[in-house]
Amino acid sequence: MGRDAITGCLLLGLSLWLYRQTAEIPRPHFVSVGPDVYPRILLGLLAGLSVALLGADLLNRGGRRGRGGGRPEARIHRASYRDVFLTYLLFGGYTALIPILGFRAATVSFVAVLSWCLGPKTVRHAVLCLLVAFVFVAAVHLMFEGYLRLLLPRGILP
Amino acid sequence: MVSPPGAWRWILLPVLFLLLVSVPGGHVGAYPERPIRMIVPWAAGGDTDAIMRVAASLLEKDLGVPVVVVNIPGASGTAGAREAKKAPPDGHTIFSVHDYIHTTFYTGVADINYWDFVPVCLLTSTPSIVAVYGRARWRTFRELIEDAKRRPDEIKAGATLGSTSHFFLVLIERKVGSRLWRYVSYEGTAPRMTALMGGHIDVAESNLTQLDKARAGQIRFLALATEKRHPSAPDIPTLREFGVDVVYAVNRGLMVPKGTPGSVVARLEKACESVARDPVFADAMLKQGTDVRFLNRGQYTIFLRENDALNKALAEYVGFKRR
Amino acid sequence: MIDLWLTGLSRVLQPDVFLSLAAGVVAGLVGGAIPGITITMTVILVLPFTFGMDPLQGVATLIGVYVGGESGGLITATLLGIPGTASTIATTFDAYPMARKGEPGRAVWLGMWAGLLGGLLAGIPLVIGAVTLASLALKFGPWEYFSLFVLTLSIVSSLSEQSLLKGLVAATLGLLLTVVGSDPLIGAPRFTFGSEYLRTGFPFLAVLVGVYAFAQLMRELEKRHEGQPRLLAAGSASLAISHRRIIREVFQQWANLLRSTLVGLWIGVLPAVGGSAANILAYDQAKKFSRHAERFGTGIPDGIIATESANNANVAGSLITMMAFGIPGDAVSAVMIGALIIHGIQPGPLFISTKPDLAYGMFSAYFLATVLTVPIAAGLLRLLLRVVSVPLQFLVPVILVLGAIGAYAINNLMANVWTFFFFGMLGYVMVKCEFPIPPLILGLILGDQIEVNFIRAIMTESNPLLFLTRPLSGLFLILSAASFAWGILQMRRRAVPGGLPAPSVRG
């Protein structure tokens, strides 16, 4: 099974599961079209499209393999995936930290750490990372809080 | 340039962290000590936003700290209510609210009601108007009602279902004692007025902010839900003149999270009163078809209780069930 | 009439108004160019500054932001391939490939000049036909809106490079995402699984920026280790361009320019449709009328000219509805109406006749902002190019933080930052599975409106056949069917061996 076929199966499962969930949506008697109608139409459509995706992939499997050769991603360096993974990980951590540390502290840490991890591991670069982080956060803070009056999240720490 | 060993990273991080934690400093002082967030649970540009931005700028003058309007729209205004409820009860977050706080509770949309907050003051009241399509055949409110009684479920009424624009029309049905309208969902004043001008709906709740459209003949104001005729539009009769005893308005006030100290509430109440008495505010509200109506926290609490009972009854009448 | 113009113009040219307007254009350009900060958000952020100004000065500033913002969005879409605002999704289709091929200057300036011309052209009906056009727009009932949105979605799905089927799946997923949260009818929770966080749904701006910013930056990170030229390696050298040649290029496509301007104008006039649809529809008509449709998406001028002239015309369109009837054409004009109301002016049908000074001042401000954008953008472009050539290890965290701020500022909730992050992952997965992203975004933007208008139509008249029998609505639905047929035909033709198009986030 190709990637599309797997996606098709997953989406089919998702639409069936969500279709069952639509029974939970309340339906008041005074409206002619309840809030459950539209999701059901969409889920029906998605189920149909998933089956088509699955079918198309199974039918085309032979032809595609012959034509495609190596997928472009196969060539991508493993180090690249490490960077991608790291970025997601750090951003997730950053999002979790904002409500605790507040915007300023969390952002300085995030920018400094991520740029350090993505760049060359030299002292010069480390200093540069810290500098960029502080200057950037100071600029953003001045701009949004000081000037534009957009209050950025505070932490629970002082 | 020397490449540092991996351990470098582990020295760098804690140092960095310490640096940061020591940057901001908090201290205790007299209220208010820092900018106040005013949560508006609707998008920028709407009626509530326009009224509250004026109020915020005047509150700022009285309190001496910035009062920043923070729009938190979403989920029929309940997203903002939820954030306001969660905020620390120190008076640095105030919540601007209107009757939706009752309607969303009794229609089962939210599980937050006015009793989750401490009332500060009522500021304004925007009377509701029965408006029809500009080229509709009904010239008066009586003609409309008689036609509607004759063929209920045919005259199309646009409304945000389960909110003030819906309940106003339901209240009329209840007083007249007959089903009148076929409701069509149009959320928000702007889409409702657009549909009314295009004739896609026949009737809708409106207010004096839309006076210009009525003067231009694109919509027609049939009756105003006030006790007496309104000074800005003395030519519009009241519902009472047609024997329909409905007085209805959208009432906007301020609240703070539960647990806010009494002294802080009192300070805010005082600021609120000075806003209500400010001629600048009165002038701005007049241009927005809104009446300044100040109630202090005691009066506002009683008002909220009565308003809540009315909305509960209306929600049950329509057939909403609390979940 | 002439004297009204002269008063309006002279008022706008006075130093106080002129400077505020220019500042507005700068703010719009910068805000539009920062991924994550959209035009709507910039207008809301600038709004408090206008309180202290007189009404014309205040509105002129906001008009400056609005007009400048469209060009700011163009810059990001071209240089980074991230649509800074929803109305530049289709701009990325050709502008970004052209920039990658080493002609960023040509790509940006084609858009800039096309935008200027489209904006000026669309200004004419703004001044002479506002009321007529806006009255036509009022005739659109729920049926017409529903069918127009369906048409937009079918077009964006069939524009997909690889597979119509995958485009449709993405569009349906986008529509399904709008179902999550409170329903638009009575606020009942749908697919929220008891979570308060899901109750507010997924704001499309957080999703848009999340999907594109992450997907685009991650692909840059991937390529970094392959020794591929990074984004804009060619650098500012290729920014040196001949304006005369570019203007000639734009004029050579006068028919495309004219059609796109009309599309943008009309979509702008329709309340609550928005620039994203104008952008997509303009791109599509350019492609369908073109004799070399197969070259669209590889970085040709046609696509840039179509999308950018439509964007600027769209601004004029929404000003028409706003000034003629006081109806907000989109979120930006809603804020502008709010600004006028705060100054005690309620724009309505009598606005132009009772406040001619202000109205003609606003017309003049629109034209002035359109013209001023070009020199101001020229100045800023140099600066912005330098920003883009910042090393990737700094660019990635900085853009992600700006995206997070933008997501947060939508309604000041941390939940949106999580949405931004979550869809950042989904976007990357979609790119890896070769699903096109634009249909997902459009589905998300239009989803609410599609449902609401579908329900309104049924609530108004229970006969579903009206969708087909009302002439305009029927026409739109036939056109959507035709769009699919055309998409399938194109695919058959392309199935003959041929190179895959240049990789881009479109997938």
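Each chain gets a letter, A, B and so on, in the order its sequence line appears, and its residues count up from 1.
Between C:Tyr408 and A:Phe144, the gap from one ring centroid to the other reaches at least 6.0 Å. Taking the six-membered ring for Trp, C:Trp418 and A:Phe91 have ring centres at least 6.0 Å apart.
Enclosure of atom CZ in A:Phe85 is not indicated, since only 12 or fewer non-hydrogen atoms of other residues, nucleotides or ligands lie within 6.0 angstrom.
Contacts of A:Thr107 with chain C are made by side-chain atoms alone, with heavy-atom separations under 4.5 Å and no backbone atom involved. Using a 4.5 Å cut-off between heavy atoms, A:Ser15 makes no contact with chain C at all. Heavy-atom distances place the side chain of A:Val132, and not its backbone, under 4.5 Å from chain C. Using a 4.5 Å cut-off between heavy atoms, A:Leu90 makes no contact with chain C at all. Only the side chain of C:Leu185 comes within contact range of chain A, with at least one heavy atom under 4.5 Å from a heavy atom of that chain. Only the side chain of A:Val140 comes within contact range of chain C, judged by heavy atoms closer than 4.5 Å. Looking at A:Ala96, the atoms closer than 4.5 Å to chain C (heavy atoms on both sides) sit in the backbone and in the side chain alike. With a threshold of 4.5 angstrom between heavy atoms, C:Met414 approaches chain A through side-chain atoms but not through N, CA, C or O. Both the backbone and the side chain of C:Val417 come within contact range of chain A, with heavy atoms under 4.5 Å apart. In this structure, the portion of A:Phe136 lying under 4.5 Å from any heavy atom of chain C is its side chain and not its backbone.
Distance check, rounded to the nearest 0.5 Å: CG of C:Leu175 to CG of A:Leu46 gives 10.0 Å.
No side-chain donor-acceptor contact under 3.5 Å links C:Arg190 to the backbone of A:Glu24.
Across C:Val396, C:Ile450, C:Ile405, C:Leu173, the residue that shares the most heavy-atom pairs under 4.5 angstrom with chain A is C:Ile405. Between chain A and the options C:Asp183, C:Thr192, C:Thr178, heavy-atom pairs under 4.5 Å are most frequent for C:Asp183. Interface remark: of the candidates C:Ile455, C:Val179, C:Asn412, C:Leu165, C:Leu165 forms the most heavy-atom pairs closer than 4.5 Å to chain A.
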Table please: side-chain donor-acceptor pairs of residues 33-52 of chain C below 3.5 Å, with sequence neighbours left out.
{"from": "C:Thr38", "atom 1": "OG1", "to": "C:Met41", "atom 2": "N", "distance (Å)": "3.4"}
{"from": "C:Thr42", "atom 1": "OG1", "to": "C:Thr38", "atom 2": "O", "distance (Å)": "2.7"}
{"from": "C:Thr50", "atom 1": "OG1", "to": "C:Leu47", "atom 2": "O", "distance (Å)": "2.6"}

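Ring pair A:Tyr88/C:Phe421 is tilted by interplanar angle, where 30° to 60° counts as tilted. Ring geometry for A:Tyr38 against C:Phe454 counts as tilted: the plane angle lies between 30° and 60°, on a 0 to 90° scale.
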